[in-house]
Asker: 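One structure, as structure tokens, below. Some questions next.
Each chain gets a letter, A, B and so on, in the order its sequence line appears, and its residues count up from 1.
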Protein chains: 2
Amino acid sequence: MNTVHYNAAMSSPSSPARGRPARIDQARTVATALELLDESGLDALTMRRLATALDVQAGALYRYFATKQDLLTAMAERMLAGVAAVPASAPGGDWGEQLTGLAGALRGALLSYRDGARVFAGTYATGASVLGFADTVVGVLRGAGFGDEEAARALLAVANFTVGHTLEEQAARQPADGPGAPERSADPERLRRAVAEGEFEQLAAVLPTLTESDFTAHFAFGLHLLVEGLRAVRAAGGPSGG
Amino acid sequence: MNTVHYNAAMSSPSSPARGRPARIDQARTVATALELLDESGLDALTMRRLATALDVQAGALYRYFATKQDLLTAMAERMLAGVAAVPASAPGGDWGEQLTGLAGALRGALLSYRDGARVFAGTYATGASVLGFADTVVGVLRGAGFGDEEAARALLAVANFTVGHTLEEQAARQPADGPGAPERSADPERLRRAVAEGEFEQLAAVLPTLTESDFTAHFAFGLHLLVEGLRAVRAAGGPSGG
DNA sequence: ACCTGAACACCGTTCAAGT
DNA sequence: ACCTGAACACCGTTCAAGT
């Protein structure tokens, strides 16, 4: 069962190719959609533009994906392909380092496509890539002695932090194309101005760190907090040592 | 300077009301937009529907908001109104409890409107509510002895976790209107089926916790990890005790 | 079986013209 | 100064009809 089941309700192309051979299929459609996403961003990814890139009419896409949302879910699933294999390629380290590596791999997968985090956050993918990642994370935690409940909640905490962080990281990296300045992009200049205008003494003091562009350091710090928190939880809860 | 400056480039209504009195304004437009959001969700919030609710034509909205994105930013800002006042109303407790209260207030603010987290995550609000919240959080942390860099990074970690968590919480609470099952909603049933179909032993073991609907407990656990992580960081770094 | 062509019911945004 | 009316350039989705 390696294949992703995008949508069991969709009519998949039957095995013996009756009639004309298909000009597109799910895999090529998702691949082209991800290329388009990376080139132009989520807002520019329309069914019509995707169809044009595939040299087909827009309606043809609906033979493979019931809705655009289904396509986005398949894209999210594909983005995470191989993300669970990270600890296997770097087997050393304790559970904390393995968890850090896995979270970093998730962030890397989302960062590897423009608006990747937005696509992932906007879908609910339950394919082999996503579940395999979750399975690996939970395996590391249970192997380290955490209980089932703690392992599940730790998975959620790490995943939600990673998605939330990468969402903002990619929003900040948005090109802000043109002097018209779109409102979503996290321009540090606007933040600086806003802090200067109001009375935010505390914020003003930490502004240099807050507006720095080293998102890897921000991510590492948050992840470090979660791992150290887990260490504290385990020390307080279970009878086993580290 | 209490007023939120939605967009300095927009022509605000001049003080002496020349010509016809305005039938709509920014404040009423944002309030109505939030009502509509809460009733029907973000996907149903269109400029045309909002205009109809305000008894006006769609084009009239563009005298107050340059783009829909600007309107959404103003909505995000308004959602967080008063969220920084939480520690003032419950002044007791150490920095950890105060931080927990602030994060809980942020989650509560996002939860108080349907798709609130999606609106917030999709914008970059830098008004008094958002900056006031950030200022308060940083103030708590610096007051507890954390350095400027750690305080800034801790703010980001807590905010990103909270947004990421609430994004998923609201996706899970989506009514999933109709048996057609929209793909975004985090139906626990689909997750159960997907885990059962594949070979995810670790995931299967924690499935009861993973699919439980007590998001408050999930949120509390993640927040607990962050706070305990901060305690560990402070113990390891600074010379001052707790 | 697979895709086209054409339509349906919408969008966000702009802007001359009215009052 | 504020809003209307109407248009522009799109959307996602459906479906009879062609091959």
Side-chain angles (χ1 to χ4, degrees), chain A residues 7 9-29 32-33 36-37 40-75 122-123 178 180-184, chain B residues 7 9-29 32-33 36-37 40-75 122-123 178 180-184:
Chain A
N7 193 338
M10 288 305 294
S11 63
S12 8
S14 51
S15 310
R18 295 276 223 175
R20 232 61 71 251
R23 288 163 46 198
I24 58 175
D25 56 28
Q26 285 180 341
R28 193 163 83 88
T29 302
T32 305
L36 223 69
L37 175 73
S40 317
L42 182 56
D43 294 337
L45 179 67
T46 69
M47 296 300 265
R48 286 164 202 265
R49 276 206 257 250
L50 174 57
T52 300
L54 288 164
D55 214 26
V56 112
Q57 296 296 315
L61 298 173
Y62 289 85
R63 197 156 298 269
Y64 300 93
F65 301 95
T67 63
K68 185 182 183 181
Q69 189 65 30
D70 281 358
L71 169 66
L72 290 168
T73 301
M75 290 169 66
T123 58
E183 275 297 320
R184 186 195 292 113
Chain B
N7 193 339
M10 288 305 294
S11 64
S12 8
S14 51
S15 310
R18 295 276 225 176
R20 231 61 71 251
R23 290 163 43 199
I24 58 176
D25 56 28
Q26 284 179 341
R28 193 164 82 88
T29 301
T32 304
L36 224 69
L37 175 73
S40 318
L42 182 56
D43 294 337
L45 179 67
T46 68
M47 296 300 265
R48 285 165 203 265
R49 276 207 257 250
L50 174 58
T52 299
L54 288 163
D55 214 26
V56 111
Q57 295 297 313
L61 298 174
Y62 290 85
R63 197 157 297 271
Y64 301 92
F65 300 95
T67 63
K68 186 182 182 181
Q69 190 63 31
D70 282 359
L71 168 66
L72 290 168
T73 301
M75 290 167 67
T123 56
E183 276 297 320
R184 185 195 292 113

Asker: Which whole-number value in Å describes the distance from B:Y64 OH to D:dC2 C1'?
Answerer: 6 Å
Asker: Can you tell me which stems involve DNA chain D, if a stem is defined as three or more consecutive Watson-Crick or G-U wobble pairs, both distances under 3.5 Å?
Answerer: C:4-8 with D:12-16, C:12-16 with D:4-8
Asker: Take atom C1' in C:dC10 and the same atom in D:dC8, then report the distance between them in whole Å.
Answerer: 15 Å
Asker: Side chains of B:L71 and B:L61: does their closest heavy-atom pair fall under 4.5 Å?
Answerer: no
Asker: Roughly, in whole Å, what's the span from OH in B:Y62 to P in D:dA6?
Answerer: 19 Å
Asker: Give each protein N/O atom lying under 3.5 Å from an N/O atom of nucleotides 9-11 of chain C, with the pair distance.
Answerer:
{"residue": "C:dC11", "atom": "OP1", "partner": "B:T46", "partner atom": "OG1", "Å": "3.4"}
{"residue": "C:dC11", "atom": "N4", "partner": "B:R48", "partner atom": "NH2", "Å": "3.4"}

Asker: What is the distance, rounded to the nearest whole Å, between atom CD of B:Q57 and atom P of D:dA6?
Answerer: 9 Å
Asker: Check nucleotides 15-19 of chain C for protein N or O atoms closer than 3.5 Å to its own N or O atoms and list the pairs.
Answerer:
{"residue": "C:dT19", "atom": "O2", "partner": "B:R20", "partner atom": "NH2", "Å": "3.4"}

Asker: Which heavy-atom pair separates A:R48 from A:A58 by the least distance, and what is that distance?
Answerer: CG-CB, 4.0 Å
Asker: Compare every heavy atom of A:T32 with every heavy atom of A:A53, then report the nearest pair and how far apart it is.
Answerer: CB-CG2, 3.8 Å
Asker: Which atom names give the shortest non-hydrogen contact between B:A33 and B:L45, and what distance separates them?
Answerer: O-CD1, 3.9 Å
Asker: Which one, D:dT4, C:dT4, C:dT13, comes nearest to the side chain of A:V56?
Answerer: C:dT4
Asker: Whole-Å distance between D:dT13 C1' and A:L61 CG?
Answerer: 11 Å
Asker: Within this structure, what is the CG-to-P distance between B:L50 and C:dG12, rounded to whole angstrom?
Answerer: 10 Å
Asker: Taking the P atom in each of D:dA9 and C:dA9, what is the distance between them to the nearest angstrom?
Answerer: 23 Å
Asker: Any side-chain to backbone donor/acceptor pair from B:Q26 onto B:F65? Under 3.5 Å, distance only.
Answerer: no
Asker: How close or far is atom P of D:dC3 from atom CZ of B:F65, stated in whole angstroms?
Answerer: 13 Å
Asker: Please report the distance, rounded to the nearest Å, between CG in A:D25 and C1' in C:dC3.
Answerer: 15 Å
Asker: Answer yes or no: is there a donor N or O on one side and an acceptor on the other, between the side chain of A:Y64 and the main chain of A:I24, under 3.5 Å?
Answerer: yes
Asker: Hey, does the side chain of B:R28 reach the backbone of B:R23 with a donor-acceptor pair shorter than 3.5 angstrom?
Answerer: yes
Asker: Sequence neighbours left out, what passes side chain to side chain contact (heavy atoms under 4.5 Å, CB included) with A:R49? Give chain and number order.
Answerer: A:L36, A:A44, A:T46
Asker: A:L54 has an atom CG; how far is it from atom P of C:dC2, in whole Å?
Answerer: 16 Å
